[in-house]
Amino acid sequence: HCVVWERVWHRCDVSIEGDDEARLARRFKLFQLLVAAPQNTPDSIGAKSLSGYGYRGHIFWDTEIFMLPYLIYTYPQTARNMLLYRYHGLAGARRKAEGNGFSGAQFPWESAGTGDEVTPRWVPDFRDPTKLVRIWTGDIQIHITADIAYAIMQYWRVTGDDDFLRDYGAEMILDGARFWAARAEPEEGPDGDRVYSIRDVIGPDEYHDHIDNNAFTNYIARWQLETGLGVYKWLQANYPAAAGDRGDRLRLTPEALAQWKDVAKGIRFIYDRDTGLIDQFEGFFNLERVDPALFQAADRSLQVIFGIEGANERQVLKQADVIMLLCLFRDEFDARTWQTNWDAYMPITDHRFGSSLGPAFHAWAACEVDRPEEAYTHFMLAARADLRNPRGNAEDGIHAASTGGVWQAAAFGFAGLRHSAEGGSVRPWLPRHWRRLAFQYAYHGQNYAVDIQRGEGGEYRVTHAAI
Ligand code: IFM
């Protein structure tokens, strides 16, 4: 047992020196993720992993956006199994799209055995369990379709697994793109041009429902349409038989592809060209403002304080939304846009009692705006999500998204790991008291080690090499 675990840690541990609590928390989290991961069969990990009955074992975007990157970079075969789980759910995703009157595949917000939507429509109100509360996420939290496509492309870029993209990944991406092309509504734009809106959704920030043109949803939907066009070309160039098959089965006619282009070009993304401020959704900044001091003073979630409707009517965020978008597409936004949106959204986010998914991405984002000490505060909020039980819901099981989130905060945030056409690079932002951050990962089958050390004068000594 010990020998096997030693081997596992050798491959995928993250070493942190200078901070015992962070060290303990990162091992605890990575352990939880590794023991729940399907090593040998197509399967996935629920929002509470194997550690509790919360959410009935259902699988959310937590898996693809939060947990999966760690496995993509350390256990790609396991990551592949998890993406295959989604492939086996394609029939359910197609049923969901069809049931809603759209073509293509619309992945369920909560998924279980078949890939059909399993989000409960009503749950007992936590304030008064004799009453029921309507849960809208299964109906309108639709960004998950593109989140899965994002994970497929990340897997492919990091592993170079062309067979997977050809045989499984492309079909999921293409059928999801068909869904977006059908779901986006054509409208007349301000200059009489044609624009597309995606109305009546919930974005990552679940304090606001039934909103229009959520920046995260629209941006990632556009990305999926453009990616779908690129993937189809890639199939045609490299695997014409597979391209022919997908083209026939998914009816990828020249007219359909032209419509994808038109939607991608016209999809609304509301932001201020002068400042770079992105509207989380249409009308967000018309909502009532809340004194940021309240966020510091609150001892409960802002949704409990204001009520479901009250939170809906105010500028309060449960979790990262625009900030998530910036992280996932970090090199598509300039430094000014990063800073403006950081300044706008961080003070009005319910960091302590909102979603446990937020802090790890806030830590990553803080590194991008050169605030490693603030990054550390958010990192520890994520790291303590289970070991200290700050939300008082430990009996439901662990917060599995934050396990992978902590790895991303360390690798993409503190170490600044990224891959581009020029290869891999790191750009460290360590908190002052960390003396060392080190980890390994695999890229296109080659193992790499990153070792960032801090000298007495605070200077970095960085090694990043193939091993
Ligand atoms: O997927 C999350 C969502 O982002 C916030 N509410 C809980 C879900 C499951 O963890």
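Every heavy atom of this structure was used, including side-chain atoms; hydrogens, water molecules and symmetry mates were not. Positions are given from 1, in the same order as the sequence printed here. Whatever order the structure lists them in is the order used to number ligands and atoms, beginning at 1.
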Relative to the ring of F333, is the ring of Y219 parallel (under 30°), tilted (30 to 60°) or perpendicular (over 60°)?
tilted
K48 touching ligand 1 at heavy-atom level, < 4.0 angstrom:
no
Side chain or backbone of E206 under 4.0 Å from ligand 1, or both, or neither, by non-hydrogen atoms?
side chain
Within 45° of the ring axis of W9 and under 6.0 Å from its six-membered ring centre, is that where the NZ or CZ of R27 lies?
yes
Hey, can you tell me if Y441 and Y448 have their rings parallel, tilted or perpendicular (30° and 60° cut-offs)?
parallel
With the threshold set at under 4.0 angstrom, would you say H399 reaches ligand 1 through any of its heavy atoms?
no
Check the orientation of H210 and W136. Use parallel for under 30°, tilted for 30 to 60°, and perpendicular for over 60°.
perpendicular
Check against ring-ring contact (aromatic ring centres under 6.0 Å, His included), F295 and H351:
CA-CA 8 Å; F295 290 81; H351 295 289; 8.1 Å; no
Subset of ligand 1 atoms that lie under 4.0 Å from at least one heavy atom of Q319
4 (O), 5 (C)
Does a side-chain heavy-atom distance below 4.5 Å link S301 with Q303?
yes
Classify the ring geometry between W407 and Y73 as parallel (under 30°), tilted (30 to 60°) or perpendicular (over 60°).
tilted
When you measure from atom 7 (C) of ligand 1 to every protein heavy atom, which one gives the shortest distance, and what is it?
Y55 OH, 3.1 Å
For atom 1 (O) of ligand 1, which protein heavy atom lies nearest, and how many Å away is it?
D62 OD1, 2.6 Å
Atom indices of ligand 1, in the order listed, that fall short of 4.0 Å to a heavy atom of W61
1 (O), 2 (C), 3 (C), 4 (O)
Show me which atoms of ligand 1 lie under 4.0 Å from any heavy atom of K318.
5 (C), 6 (N)
Please confirm whether W109 comes under 4.0 Å of ligand 1, counting heavy atoms of the residue only.
yes
